[in-house]
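Values below: every heavy atom of this structure, side chains too, minus hydrogens, waters and symmetry copies.
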Amino acid sequence: LNGLNNLQEISFSKGITAICGLNGAGKSTLLKVIAGVYKPTKGSVQRYGHMAPMIELGAGFDPNYTGRENIFLYGSVLGFSKEFLMSKYDEILEFSELGDVPIKNYSSGMKARLGFSIATVVEPEILILDEVLSVGDAKFRKKCEKKMKKMFDHGVTVLFVSHSLAQVKRLCNKAIILEHGQLIAKGDIDDVVEIYEKKIGD
């Protein structure tokens with residue numbers, strides 16, 4: 001990643017990387033540029049492999065459609081064929097534990113369930129999660145964390161933003177810290193979290 005808000009030579013390898021930083025540090029902007037939602041102000045982003053971004057809850061869903069219809073809508077946005085989604089439909093519903101009601105009646109936690117279930121039904125090479133595991137019930141969060149760890153074991157690259165340092169330490173093996181759009185630390189999760197805890201404690 002080159003040229004985004006003066007960030008230079010940012011790279012992410014296989015593993016689960018936490019992106020830490022206070023509000024306004026540039027975490028969501030960075031993820032949106034990687035996902036292709038925003039274009040970099042200069043330079044370029046190089047992506048390798050199929051990517052499933054979950055950046056904004058409900059993004060890609062139509063509130064007037066049912067959960068079933070949105071599986072096909074959101075799945076097509078992620079590049080899945082209708083035939084493939086039909087073959088995985090029961091698996092998606094089983095994981096999400098949701099019924100087929102209009103999305104406008106879904107809570108934020110229910111939207112996160114459905115989005116996560118669709119995005120991970122086939123393990124993408126790159127999964128982007130921006131605060132999507134901060135909503136919903138604890139039981140389902142644990143279920144998602146278990147699936148993420150399984151994906152990590154299969155070599156999936158995950159970029160993860162969460163305000164919960166406990167969750168970050170449970171899930172991630174690497175981390176970076178952003179401050180005003182600048183990369184100020186990068187490395188193993190324990191080392192970087194220690195730096196971050198000192199910063200937020202100042």
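- Applying the side chain to side chain contact (heavy atoms under 4.5 Å, CB included) rule to Pro102 yields the partners Lys104, Asn105; only residues at least two apart in sequence or on another chain are considered.
- Transitive grouping of hydrophobic side chains (ILVMFWY, heavy atoms separated by less than 4.5 Å) brings Leu93 and Tyr74 into a common cluster.
- Lys169 meets the salt bridge (charged side-chain N to carboxylate O under 4.0 Å, His left out) test with Glu197; sequence neighbours excluded.
- Phe80 is linked by a ring pair (Phe, Tyr, Trp, His ring centres under 6.0 Å) to His50, Phe84, counting only residues two or more places apart in sequence or in another chain.
- Checked against salt bridge (charged side-chain N to carboxylate O under 4.0 Å, His left out), Glu97 has the following partners two or more places apart in sequence or in another chain: Arg113, Lys143.
- Remark: Asp191 pairs with Asp188 by the side chain to side chain contact (heavy atoms under 4.5 Å, CB included) rule, at least two apart or across chains.
- Note on Tyr89: it clusters hydrophobically with Leu85, by side-chain heavy-atom contacts below 4.5 Å among ILVMFWY residues.
- Looking at residues two or more places apart in sequence or on another chain, you find no side chain to side chain donor-acceptor pair (under 3.5 Å) involving Thr17.
- For Arg170, the salt bridge (charged side-chain N to carboxylate O under 4.0 Å, His left out) partners two or more places apart in sequence, or in a different chain, are Glu145.
- Taken together through direct or relayed side-chain contacts under 4.5 Å among Ile, Leu, Val, Met, Phe, Trp and Tyr, Tyr65 and Val101 form parts of separate hydrophobic clusters.
- Residues satisfying the side chain to side chain contact (heavy atoms under 4.5 Å, CB included) test with Lys139, not counting sequence neighbours, are Asp137.
- Pro124 approaches Met151 most closely through the heavy-atom pair CD-CE, 3.6 Å.
- Considering every non-hydrogen atom in both Lys111 and Phe61, the closest pair reads O-CE1, 3.7 Å.
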Got a list of side-chain donor-acceptor pairs under 3.5 Å for residues 155-165, not counting sequence neighbours?
| from | atom 1 | to | atom 2 | distance (Å) |
| --- | --- | --- | --- | --- |
| Ser162 | OG | Ser164 | N | 3.0 |
| Ser162 | OG | Gln167 | OE1 | 2.8 |
| His163 | ND1 | Glu131 | OE2 | 2.5 |
| His163 | NE2 | Asn23 | OD1 | 3.3 |
| Ser164 | OG | Gln167 | N | 3.1 |

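- Annotation: salt bridge (charged side-chain N to carboxylate O under 4.0 Å, His left out) contacts of Glu69 (sequence neighbours excluded): none.
- To the nearest 0.5 Å, the span separating CD1 on Ile195 from SG on Cys20 amounts to 10.0 Å.
- Counting non-hydrogen atoms of neighbouring residues, nucleotides and ligands closer than 6.0 angstrom, the CZ atom of Phe72 exceeds 12 such neighbours.
- A distance of 8.5 Å separates OG1 in Thr120 from CD in Glu91, rounded to the nearest 0.5 Å.
- The side-chain heavy atoms of Met51 and Ile128, taken from C-beta on, include a pair separated by under 4.5 Å.
- Here Lys142 pairs with nothing under the side chain to side chain donor-acceptor pair (under 3.5 Å) rule; sequence neighbours left out.
- A distance of 4.5 Å separates NZ of Lys198 from CD of Glu194, quoted to the nearest 0.5 Å.
- When side chains are defined from C-beta on, Glu179 does not count as touching Leu22, because their heavy atoms never get closer than 4.5 Å.
- Expressed to the nearest 0.5 Å, how far CD1 of Ile189 lies from OH of Tyr196 amounts to 11.5 Å.
- Here the straight-line distance linking atom CG of Leu178 with atom NZ of Lys186 works out to 11.5 Å at 0.5 Å rounding.
- Checked against Ile71 for a side-chain contact (heavy atoms from CB on, under 4.5 Å), the options Thr66, Leu98, Ile118 give a single hit: Ile118.
- Atom CD1 of Ile103 is separated from atom CG of Leu114 by 5.0 Å, given to the nearest 0.5 angstrom.
- Taking the six-membered ring where tryptophan is involved, the planes of Phe140 and Phe95 are perpendicular, since the angle between them exceeds 60° and thus also 30°.
- Listed by chain and number, the residues in a side chain to side chain donor-acceptor pair (under 3.5 Å) with Ser96 amount to none (sequence neighbours excluded).
- Closest approach of Ser117 to Ile92, counting heavy atoms only: CB-O, 3.7 Å.
- Closest heavy-atom contact between Asn64 and Asp62: N-OD1, 2.9 Å.
- No side-chain heavy atom of Val192 sits under 4.5 Å from any side-chain heavy atom of Ile176.
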